[in-house]
Number of protein chains: 2
Amino acid sequence: MLNYSATAQTETISLELLAERLKALAEPNRLRIFNLLMDGVQCNCELSEALAMPPNLISHHLSKLRSVGLVDVERDEWDSRWIYYSINRAALEELNAAFGSFFDPNRIQPRRLTCGPQHAICRPE
Amino acid sequence: MLNYSATAQTETISLELLAERLKALAEPNRLRIFNLLMDGVQCNCELSEALAMPPNLISHHLSKLRSVGLVDVERDEWDSRWIYYSINRAALEELNAAFGSFFDPNRIQPRRLTCGPQHAICRPE
DNA sequence: CATACAATTCAACGCGTGTTGAACTATTCA
DNA sequence: TGAATAGTTCAACACGCGTTGAATTGTATG
């Protein structure tokens, strides 16, 4: 999964998976939430206070991060009203590796001159 | 720019920049276009044919990638009807480094027990 | 019981986005 | 001059998203 050196078919599938995860992260407030989770902050109330956002909005963004598997949830052992969120390390490792390899600048190939006035192979036929 | 070990203020600014770039990439068709650009494919017509998408749609997505500086544009020297797109290597290097450091799994801190029934400091006061 | 509390769910609202088809620019070539 | 070519721009549509405020769920406490 999330390997970009395979066939075109699996590549397309992986690109959709990558896009799905990136879409969950491509939002300023969710990045701020993610950043606090990385620092060890865990409950909705503290995130809400730190970011000056209403708890229901925090809840909304957390559910997006949770839906792509990047964030885990756990209830307090003694008082189950409290809910603790945390980063899913395995998911983050996989995403970080996938992003790094897909967007590796060394993957950039030199210009392929198959198009243009000399090599017009792009006609719709 | 795009340094996540600085103050909270610059961090917030950078998070918005990061989110902006990620949003440009968080779309399956744009990832497929980006992937072909990485392979050296350059003109609209060839992208259009390879991805089975209409040229105006390719144009639309390319403009999004261009608006965040990840893609450059250049006209053919002899026949200026042909337009060549390419990856901006510097922008990709910066993004790749920023992503790798921000989403580094080793940044994950252990649970901070400042919330919960024992440490209820989250009251709105 | 009734109250308080943490958090989620729901309804509703603007706003932006991906897609489509048609019209339009700009350039080259006969 | 007129047709062909490569690509962009425009208008319009359905759809999803971020935000807000109120209502709701589930649990603990007196």
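The figures here come from the full heavy-atom set of this structure, side chains too, leaving out hydrogens, waters and symmetry mates.
Atom CD of A:Glu49 and atom C1' of C:dA6 are 14 Å apart (whole Å). The separation between A:Glu27 atom CD and D:dG16 atom C1' is 13 Å, rounded to whole Å. As rounded to whole Å, 15 Å separates atom C1' of D:dG21 from atom CE of A:Met53. For A:Leu65 and D:dG18, the CG to C1' distance is 14 Å, given to the nearest whole Å. Whole-Å rounding puts the A:Asp79 CG to C:dA7 C1' distance at 12 Å. One interatomic measurement links the two molecules: CD1 of A:Ile83 to P of D:dA28, which rounds to 12 Å at whole-angstrom precision. Atom CH2 in B:Trp82 sits roughly 17 Å away from atom C1' in C:dT25 (whole-Å rounding). Note: CD (A:Glu46) to P (C:dA7) measures 10 Å, nearest angstrom.
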N/O to N/O distances under 3.5 Å, protein versus nucleotides 22-24 of chain C:
from, atom 1, to, atom 2, distance (Å)
C:dA22, N6, B:Asn56, ND2, 3.4

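Residue B:Leu31 comes nearest to A:Leu15 through the heavy atom pair CD1-O, 3.3 Å, listed as atom of the first residue, atom of the second, then distance. Between B:Ala19 and A:Ala26, the shortest heavy-atom contact is O-CB, 4.0 Å. Residues B:Pro55 and B:Asn44 approach most closely at O-ND2, 3.3 Å, considering heavy atoms.
Applying the 4.0 Å criterion to OP1 and OP2 of C:dG18, one finds that B:His60 has a side-chain N or O inside that range. Under 4.0 angstrom from either OP1 or OP2 of D:dC17 there lies no side-chain N or O belonging to B:Lys23. Contact annotation: B:Arg30 reaches the phosphate of C:dG18 (side-chain N/O to OP1 or OP2, under 4.0 Å). Contact annotation: A:Ser80 reaches the phosphate of D:dA28 (side-chain N/O to OP1 or OP2, under 4.0 Å).
Each of B:Arg81 and A:Leu57 was matched to the nucleotide of DNA chain C holding its nearest heavy atom; the match closer to the 5' end belongs to A:Leu57.
Side-chain contact between A:Leu25 and A:Leu70 is present, with at least one heavy-atom pair separated by less than 4.5 Å.
Residues B:Arg89 and A:Asn106 have side chains that bring a donor and an acceptor to within less than 3.5 angstrom of each other. In the model, A:Arg66 has no side-chain atom that pairs as donor or acceptor with a side-chain atom of A:Asn88 under 3.5 Å.
Listed for the A:Arg75 side chain is no donor-acceptor partner under 3.5 Å among the backbone atoms of A:Arg81.
Backbone-only contact: A:His61 has heavy atoms under 4.0 Å from sugar-phosphate atoms and none from a base.
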